[in-house]
Protein chains: 2
Amino acid sequence: MKSIYKEIYDDLVRDIEAGKYGPNTLLPSENELMNYYDTSRQTVRKALNHLSQDGYIQKIRGKGSVVLDRSSLDFPLSWLASFKELSNKMNINAKTKVHSLKIMEPTPTLAEHLQTGTDKEIWEVVRVRNIDGQNVILDKDYIKRDLVPNLTIKTCEQSIFEFIEKELNLEISYAKKVFSAQDATKEDKELLDLKHYNVVIVVQNYIYLKDTTLLQYTESRHRPDKFKFIDFARRELNK
Amino acid sequence: MKSIYKEIYDDLVRDIEAGKYGPNTLLPSENELMNYYDTSRQTVRKALNHLSQDGYIQKIRGKGSVVLDRSSLDFPLSWLASFKELSNKMNINAKTKVHSLKIMEPTPTLAEHLQTGTDKEIWEVVRVRNIDGQNVILDKDYIKRDLVPNLTIKTCEQSIFEFIEKELNLEISYAKKVFSAQDATKEDKELLDLKHYNVVIVVQNYIYLKDTTLLQYTESRHRPDKFKFIDFARRELNK
DNA sequence: GAGTGGTCTAGACCACGGA
DNA sequence: CCGTGGTCTAGACCACTCC
């Protein structure tokens, strides 16, 4: 059973993306939505606040909720999303090749990234993402084995994300991402079609479950010209 | 007069950062906070939800609000912050040199970025950020002149941000950032100490006021090895 | 003045975790 | 079982925008 505010949120997202409410027009007022969904104002406001948080609308006191123009925003890929989800949304001709999949004991560096001991087994998954015939992203995933006992090449070719959430019923709650640029390593040069570039854009991703345990550390190494990341940020506290 | 939830939020942020509530310990329960501040539960929850949003805590049903470890998070520089705010927070030896400041009519490209006409005057501010004796960031700001009539070199050396908010009383509400990498231009090579790097990390920043008008377009060009950006993201809707 | 969103109250019931 | 957080209600008063 979906909660009411989530239903309202989903409805409005759908309507906005379908163009039912165009950019710079007003959404129905909180009162109208309240009556329409036969619910309390707080519930409506919760839905609207999430729309605001996610960059769909701007609430203006005395006026209403203005729909923002997200056409140039393309995809809000700031948030936790898997490569598969992304490539679907963007209609990209993408393929994934699993380069290696193995169980290992972490090096001291990896143990620190994963907040675990060097004697605890972890999975190492190395995947190459191919877009339009070019190998442009190298993904290295490190996953705690005690949380994910089994992993197959087939799963890694699809979406590890989906597998973890749907098959294992682990709830991913939040993540910390660190963006930087690094000199390309020998491995980068071997596995990617780097052309003349001597640096790669690195996205380190620490993925946490809802009980705050760290599940996975991922390093995504992008060829510079194929890297793009969009972020929507609010300065004020949400109302 | 500060609102109650903001007061609670600020208090808790202060206490968490001061170490009064250490990582992996529990905050007082919603009931306790409710009594302490003599307010309703909803008001307390609003404050806690913002803490959750900002990566300070994880709320766990049946248990409480767990303080997350932000020591490695350093600074949540994902969010709207000026260079001055940042360098203050990070104790960095940073200097700003204004390379040029002028009024111009936008090129077609710039007009599109700023969502304005090619006949409307805009400011162009070019600044070089020097960290530890090296020129590592080139900031190019384009600001609508009708919103900001006057701008001085002195202001640009300090913080344009502060000037806009405090002197002009314009309320900045949200921003869209686009991260990418580009081949270094002739200008990059002239103004920055680029060493052997042939690409720069570019952060395009579109800054909006609370009435949804676009105020400013900024392009921040970073030497790759000095670029770092940290993002905290939640997968679930906030509760 | 009428309508909008922003803050807040005082209740209620539910789902979950831990002892 | 009790205490936790998650959802929701039905009111209230305020600040703001627009006419």
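Residue numbering restarts at 1 for every chain, and letters A, B, ... go by the order of the sequence lines.
- One atom, CG of B/Asp38, and another, P of C/dC8, lie 13 Å apart when rounded to the nearest Å.
- Taking the six-membered ring for Trp and thresholds of 30 and 60 degrees, A/His50 and A/Tyr9 have ring planes more than 60 degrees apart, a perpendicular arrangement.
- Taking for each of A/Ser3 and B/Ser65 the nucleotide of DNA chain D with the nearest heavy atom, the 5'-most of the two is the partner of B/Ser65.
- One finds no side-chain N or O of B/Thr39 lying less than 4.0 angstrom from the OP1 or OP2 phosphate oxygen of C/dC8.
- In summary, B/Glu124 and B/Lys102 engage in a salt bridge, as defined by a charged side-chain N under 4.0 Å from a carboxylate O.
- Distance B/Ile8 CD1 to C/dC8 C1': 11 Å, rounded to the nearest Å.
- Atom CD1 of B/Ile207 and atom CG of B/Asp141 lie 7.5 Å apart (nearest 0.5 Å).
- Of all nucleotides listed (D/dT9, D/dT7, C/dT9), D/dT9 comes nearest to the side chain of A/Ser40.
- Checking D/dG5, D/dC8, C/dT4 against the side-chain heavy atoms of A/Asn31 singles out C/dT4 as nearest.
- Atom CD of B/Glu7 is separated from atom P of C/dT7 by 14 Å (rounded to the nearest Å).
- Across the protein-nucleic acid pair, B/Asn49 atom CG and D/dG5 atom C1' stand 10 Å apart, rounded to whole Å.
- If you measure from atom CE of A/Met34 to atom C1' of C/dG5, you get 13 Å, rounded to the nearest angstrom.
- The B/Lys46 side chain lies nearest to C/dT7 when the options are C/dT7, D/dC8, D/dG6.
- Listed nucleotides D/dC8, C/dG6, C/dC8 differ in distance to A/Glu30; the shortest reach to its side chain belongs to C/dG6.
- One finds a side-chain N or O of A/Thr43 lying less than 4.0 angstrom from the OP1 or OP2 phosphate oxygen of D/dT9.
- Using a 4.0 Å cut-off, some side-chain N or O of B/Lys59 falls inside it from OP1 or OP2 of D/dG6.
- In this structure, B/Lys6 atom NZ and C/dG6 atom C1' are separated by 10 Å, rounded to whole Å.
- An OP1 or OP2 oxygen of C/dT7 is reached within less than 4.0 angstrom by a side-chain nitrogen or oxygen of B/Tyr5.
- Between the side chain of B/Gln42 and the base of C/dT7, no donor-acceptor pair of N or O atoms lies under 3.5 Å.
- Separation of the B/Phe227 and A/Phe179 ring centroids does not fall under the 6.0 Å cut-off.
- Shown here are the side chain to side chain donor-acceptor pair (under 3.5 Å) partners of A/Glu121, two or more places apart in sequence or in another chain: A/Arg145.
- Listed pair B/Ser29 / D/dT4 meets the phosphate criterion, a side-chain N or O lying under 4.0 Å from OP1 or OP2.
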Problem set entry | Chi angles and distances behind the side chain to side chain contact (heavy atoms under 4.5 Å, CB included) call for A/Tyr21, A/Leu12 | CA-CA 9 Å; A/Tyr21 304 113; A/Leu12 291 174; 4.1 Å; yes
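- With rounding to the nearest 0.5 angstrom, the CD1 atom of A/Ile57 is 7.5 Å from the CG atom of A/Asn49.
- A salt bridge links B/Arg41 to B/Glu30: one of the charged nitrogens lies within less than 4.0 Å of a carboxylate oxygen.
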Output one line per pair: protein atom, nucleotide atom from nucleotides 12-17 of chain D, and distance, for all N/O pairs under 3.5 Å.
| from | atom 1 | to | atom 2 | distance (Å) |
| --- | --- | --- | --- | --- |
| D/dA12 | N6 | A/Arg41 | NH1 | 3.4 |
| D/dT17 | O4' | A/Gly62 | O | 3.3 |

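- The shortest distance between the side-chain N/O atoms of B/Arg45 and the OP1/OP2 oxygens of D/dG5 is not below 4.0 Å.
- Here D/dT7 presents its C1' atom at 18 Å from OH of A/Tyr9, a figure rounded to the nearest Å.
- In this entry the distance linking OH of B/Tyr37 with P of C/dT9 reads 14 Å, nearest Å.
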